[in-house]
Engineer: 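Here it is, the structure in full.
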Amino acid sequence: MTDYLAPQRYLPHEAPMCLLENVIEVTETSAHCQVKVSPDGVLAPFLNSDGALPGWFAIEIIAQTVGVWSGWHTMRAGEASVGVGMLIGGRGLRCPAGQFPAQTLLECKVTLLMSDEKIGSFEGEILADNRVMASGRVNTYQPDKNELKQLF
């Protein structure tokens with residue numbers, strides 16, 4: 001069994017923008033993270049008056065799980081810091097209920113569909129009690145240092 005660091009160690013995010021609480025598993029082609037919809041957790045600033053998380057957060061939770069996958073592989077390759085990744089699009093993203101209910105433990109799983117040195121495509125789903133709450137495909141871009149300088 002592998003011990004994983006906290007999600008923010010694999011992501012270039014600080015509170016309150018890291019929307020994940022636990023890394024469960026990372027493999028060559030997948031990642032699995034968790035977060036609880038709770039007023040005491042990392043999602044607290046984003047909850048509505050019923051304590052639920054709006055469904056449109058699904059794309060960012062999936063994208064951050066991809067970021068954990070990328071950051072874990074970057075660190076495993078011996079690089080000192082994780083890079084910035086960019087979400088360039090989503091396809092077929094669905095959250096039928098429109099929100100994630102209060103006190104729900106969300107399991108986000110992503111699977112690599114294809115990648116090269118810069119672009120990746122991942123299928124993602126967010127489950128609660130083994131039921132799919134949200135799903136879709138995200139496409140990501142990994143800029144190099146020169147491209148980041150030009151952008152920022």
Side-chain angles (χ1 to χ4, degrees), residues 1-47 51-95 99-145 148:
M1 182 174 162
T2 302
D3 287 330
Y4 296 100
L5 303 173
Q8 58 268 28
R9 297 289 303 275
Y10 302 114
L11 297 168
H13 295 311
E14 295 178 11
M17 296 315 298
C18 182
L19 304 182
L20 301 170
E21 292 173 328
N22 299 303
V23 178
I24 305 304
E25 181 180 41
V26 180
T27 71
E28 289 301 314
T29 60
S30 67
H32 175 188
C33 295
Q34 290 178 329
V35 63
K36 187 170 185 178
V37 180
S38 166
D40 300 325
V42 298
L43 298 176
F46 311 109
L47 304 182
L53 182 71
W56 51 268
F57 276 88
I59 192 168
E60 183 63 19
I61 291 170
I62 292 170
Q64 286 192 20
T65 303
V66 169
V68 166
W69 177 87
S70 179
W72 184 83
H73 284 282
T74 297
M75 291 174 80
R76 188 169 151 217
E79 295 188 34
S81 64
V82 297
V84 172
M86 297 180 174
L87 176 64
I88 57 174
R91 189 169 184 98
L93 291 159
R94 294 176 197 85
C95 181
Q99 65 179 8
F100 301 102
Q103 300 304 319
T104 304
L105 179 64
L106 303 177
E107 307 276 345
C108 187
K109 298 179 179 183
V110 297
T111 303
L112 175 67
L113 299 173
M114 82 86 191
S115 71
D116 62 18
E117 292 175 9
K118 299 233 181 224
I119 294 177
S121 184
F122 295 80
E123 194 68 39
E125 61 182 9
I126 300 174
L127 302 107
D129 296 323
N130 291 318
R131 199 180 70 202
V132 176
M133 301 289 290
S135 62
R137 182 173 296 175
V138 295
N139 300 311
T140 60
Y141 182 73
Q142 185 86 41
D144 61 35
K145 290 178 184 172
L148 282 174

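The analysis underlying the following values was restricted to heavy atoms, covering all of them including side chains, and did not include hydrogens, waters or symmetry mates.
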Engineer: Given 3.5 Å as the limit, does a donor-acceptor pair link the side chain of His73 with the main chain of Thr27, or not?
Structural biologist: yes
Engineer: Is the closest side-chain heavy-atom distance between Cys108 and Gln34 below 4.5 Å?
Structural biologist: no
Engineer: Hey, what do you get for CZ (Phe122) to OG1 (Thr29), rounding to the nearest 0.5 Å?
Structural biologist: 9.5 Å
Engineer: Look up atom CG in Leu106 and atom CG in Leu53, then write down how far apart they are to the nearest 0.5 Å.
Structural biologist: 7.0 Å
Engineer: For the pair Tyr10 and Trp69, evaluate ring-ring contact (aromatic ring centres under 6.0 Å, His included) and give the outcome as yes or no after the intermediate values.
Structural biologist: CA-CA 8 Å; Tyr10 302 114; Trp69 177 87; over 10 Å; no
Engineer: Do Phe100 and Ile126 have side chains that get closer than 4.5 Å, going by heavy atoms?
Structural biologist: yes
Engineer: Could you pull out all residues at least two apart from Phe46 that satisfy ring-ring contact (aromatic ring centres under 6.0 Å, His included)?
Structural biologist: Phe57
Engineer: For residues Cys18 and Leu11, report the shortest heavy-atom separation together with the two atoms involved.
Structural biologist: SG-CD1, 3.9 Å
Engineer: With side chain to side chain contact (heavy atoms under 4.5 Å, CB included) as the test, would you mind laying out the steps for Arg9 and Tyr4 before giving the verdict?
Structural biologist: CA-CA 10 Å; Arg9 297 289 303 275; Tyr4 296 100; over 6 Å; no
Engineer: Just wondering, do Pro45 and Met17 contact through their side chains at under 4.5 Å, heavy atoms?
Structural biologist: no
Engineer: Any chance you could measure Asn139, atom CG, to Leu87, atom CG, to the nearest 0.5 Å?
Structural biologist: 8.0 Å
Engineer: Once side chain to side chain donor-acceptor pair (under 3.5 Å) is applied, what residue pairs with a partner in residues 52-62 remain, sequence neighbours excluded?
Structural biologist: Glu60-Gln64
Engineer: Find the distance between OG1 (Thr111) and CZ (Arg137) and round it off to the nearest 0.5 Å.
Structural biologist: 11.0 Å
Engineer: Is the shortest side-chain heavy-atom distance between Gln142 and Glu117 below 4.5 Å?
Structural biologist: no
Engineer: Nearest 0.5 Å please: distance from the CG atom of Asn130 over to the CD atom of Glu107.
Structural biologist: 8.0 Å
Engineer: Evaluate Lys109 against Glu125 for salt bridge (charged side-chain N to carboxylate O under 4.0 Å, His left out), listing each step before the verdict.
Structural biologist: CA-CA 5 Å; Lys109 298 179 179 183; Glu125 61 182 9; 5.8 Å; no
Engineer: Give, for atom CD1 of Ile62 and atom CG of Leu19, the distance between the pair rounded to the nearest 0.5 Å.
Structural biologist: 12.0 Å
Engineer: Do any N or O atoms from the side chain of Arg94 and from the backbone of Gly92 form a donor-acceptor pair under 3.5 angstrom?
Structural biologist: yes
Engineer: Show your reasoning for whether side chain to side chain contact (heavy atoms under 4.5 Å, CB included) applies to Val68 and Val26.
Structural biologist: CA-CA 8 Å; Val68 166; Val26 180; 4.3 Å; yes
Engineer: Quick check against the 3.5 Å criterion: does Thr74 have a side-chain atom that pairs as donor or acceptor with the backbone of Ser70?
Structural biologist: yes
Engineer: Locate the shortest heavy-atom distance separating Thr104 from Ala128; write the atom from each residue and the value.
Structural biologist: CG2-CB, 3.3 Å
Engineer: For Asp129, I'd like to know if atom CG has over 12 heavy atoms of other residues, nucleotides or ligands within 6.0 Å.
Structural biologist: no
Engineer: Got a donor-acceptor contact below 3.5 angstrom from the Glu123 side chain to the Leu112 backbone?
Structural biologist: no
Engineer: Can you find a pair of side-chain heavy atoms, one from Leu20 and one from Asn22, that are under 4.5 Å apart?
Structural biologist: no
Engineer: Taking the side chain as every heavy atom from C-beta outward, state whether Ser121 and Met114 have any atom pair closer than 4.5 Å.
Structural biologist: yes
Engineer: The criterion is side chain to side chain contact (heavy atoms under 4.5 Å, CB included); which residues satisfy it with Arg131, sequence neighbours excluded?
Structural biologist: Met133
Engineer: Does the side chain of Val35 come within less than 4.5 Å of Val42's, by heavy atoms?
Structural biologist: yes
